[in-house]
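Reading through the structure tokens given below for one structure.
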Amino acid sequence: MQHLSPDSGAGAGSALGGVSAVAPGDGDAGPPARSLRTVTGPLPVSAVRGHVLAHEHLVLDLDHARDGAAVLDADRHGAGVATELGALREAYGLGLVIELTCRGMGRDPHALARISAASGVPVVAATGWYYEAFHPAELDGASVEELTSTLVREIRDGIGATGVRPGVLGEIGSHGDSPSEPETRALLASAHAAVATGLSVATHAQLGRGALAQLELLTGAGLAPYRISLGHQDLLDAPAVHRELAASGAYVAFDTVGKESYQSDTVRLRLLLALVEVGHADRVLLSCDISRHAYLRSEGGQGYGHLFRSFLPRVRAAGVDEDLIDLMTRRNPLRFLTGADTKES
């Protein structure tokens, strides 16, 4: 397989008017540069020596259907989630989980801290807004400036009274080829908050569609491409789109690995190899996006470890070496979180 393409990301622009720009290591904005904000406190990047799951949910409530399916309940499922993560830490060296449950999705920072402590796996929490069907009332009529202030305040001061500070903006959602008006405001506010605070943005592109429009909005608001991860691209069988996203310097998230009812892993593997073969392994993020309790191993599902148990062995068998696997499962997500140059480990 070919190796890396150069990073083509440009520097971030200035913050939105009325919101002071703060670098990740300045004052109350966050921990020192090259540290990650986790739910249990700052963590040096150098401490993460194992795989990173780049897009997961540990506690979640998207139960609009009222059938209890799209739920990961802290009380009913939290212990099983912690056990599963701890087993992955022991068996595969799981080093970090980026947890992208945001405002309106049933986020529970205290539960995330408990799961992290019980499993021994650091967890990064998120802020922002999912796609329109799950927008809370706080978006109704709110301006981009007001939404930006809400995000910056939460990043600076913590989520409610928990003291837990988000370490990423995500999963910021849209559906269709172009974001709706409320989704546009949420994406723009996320971009401005990211520029102001130094955090990065992970998106939800429904069924993989609309990532180019998301990228245009986010970069147009001054956010550097290398601080952007475009979500669910493994659900879109469009190698040319993936190449265009990667060539911009943004990250291309193949983050629903194992969700065979949406896309087969055989197609995912073909799409991934197509990106690697043209030199874009340095733009790939991998994860499983566990978003229902039925996906947990304790309930007979594929679990958070499907990536390690099933998919990565197929990637290796296709000729991808261990250095590139480490790149895609550790160095890339750490660079995404910190905005580091691709030459850094």
Side-chain angles (χ1 to χ4, degrees), residues 5 7-10 12 54-56 98 100 102 126 128-135 168-192 194-195 199-257 259 262-263 267-276 278-289 291 328 332-333 335-337 339:
S5 63
D7 181 4
S8 58
H55 181 137
E56 293 300 340
I98 303 175
L100 293 181
C102 58
W129 293 280
Y130 196 33
Y131 72 99
E132 185 176 2
F134 295 92
H135 280 179
V168 67
L169 289 131
E171 58 180 302
I172 314 303
S174 69
H175 68 290
D177 292 327
S178 298
S180 68
E181 189 277 331
E183 290 167 348
T184 296
R185 282 186 283 120
L187 282 159
L188 289 173
S190 299
H192 291 308
V195 171
L199 297 190
S200 296
V201 172
T203 77
H204 165 94
Q206 184 82 347
L207 299 178
R209 295 172 56 196
L212 288 169
Q214 291 178 341
L215 180 63
E216 182 179 4
L217 270 176
L218 294 168
T219 55
L223 185 60
Y226 57 82
R227 285 196 175 275
I228 300 168
S229 165
L230 288 314
H232 310 326
Q233 291 309 293
D234 50 336
L235 301 180
L236 184 71
D237 192 348
V241 171
H242 299 158
R243 289 194 299 271
E244 185 174 352
L245 295 173
S248 77
Y251 288 94
V252 181
F254 283 31
D255 52 12
T256 66
V257 175
K259 287 188 169 181
Y262 289 92
Q263 181 76 280
V267 172
R268 285 188 180 90
L269 180 60
R270 170 172 57 79
L271 295 172
L272 174 63
L273 294 177
L275 262 188
V276 172
V278 296
H280 287 311
D282 62 336
R283 298 292 98 192
V284 172
L285 300 179
L286 297 172
S287 208
C288 297
D289 188 24
S291 55
M328 294 186 290
N332 283 352
R335 290 164 177 163
F336 162 67
L337 285 175

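None of the values given here were measured: they were computed from a predicted structure.
Checking side-chain atoms of R283 against main-chain N and O of G249 turns up a donor-acceptor pair under 3.5 Å. A donor-acceptor pair under 3.5 Å is formed between the side chain of E183 and the backbone N or O of S180. In terms of modelled atom types and a separation under 3.5 Å, the side chain of K259 and the main chain of D289 share a donor-acceptor contact. A donor-acceptor contact shorter than 3.5 Å is absent between the side chain of S200 and the backbone of I228.
Rounded to the nearest 0.5 Å, atoms OH (Y262) and CG (L207) are 7.5 Å apart. The line from CG of L212 to OG of S248 is 8.5 Å long, rounded to the nearest 0.5 Å. From E132, atom CD reaches atom OG1 of T184 across 9.5 Å, with rounding to the nearest 0.5 Å. Here the OG1-CD distance, from T203 to E171, works out to 8.5 Å after rounding to the nearest 0.5 Å. One finds the NE2 atom of H232 at 5.0 Å from the CG atom of D255 (value rounded to the nearest 0.5 Å).
Within the 4.5 Å cutoff, the side chain of M328 has no heavy atoms near those of the L285 side chain. Counting only heavy atoms from C-beta outward, the side chains of V252 and H280 never approach each other to under 4.5 Å.
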Trace of the side chain to side chain contact (heavy atoms under 4.5 Å, CB included) decision for Y131 with I172:
CA-CA 7 Å; Y131 72 99; I172 314 303; over 6 Å; no
Step by step, would you call S174 with Q214 a side-chain hydrogen bond (donor to acceptor under 3.5 Å, both in side chains)?
CA-CA 8 Å; S174 69; Q214 291 178 341; 2.8 Å; yes
Pair T256, D234 - check side-chain hydrogen bond (donor to acceptor under 3.5 Å, both in side chains), show working.
CA-CA 7 Å; T256 66; D234 50 336; 2.8 Å; yes
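Look at R270 and D237 and you find a salt bridge, because one of the NZ, NE, NH1 or NH2 atoms lies within 4.0 Å of a carboxylate O, short of that distance.
Remark: aromatic rings of H242 and F254 are close, center separation under 6.0 Å. Aromatic pair H204/Y130: centroids less than 6.0 angstrom apart.
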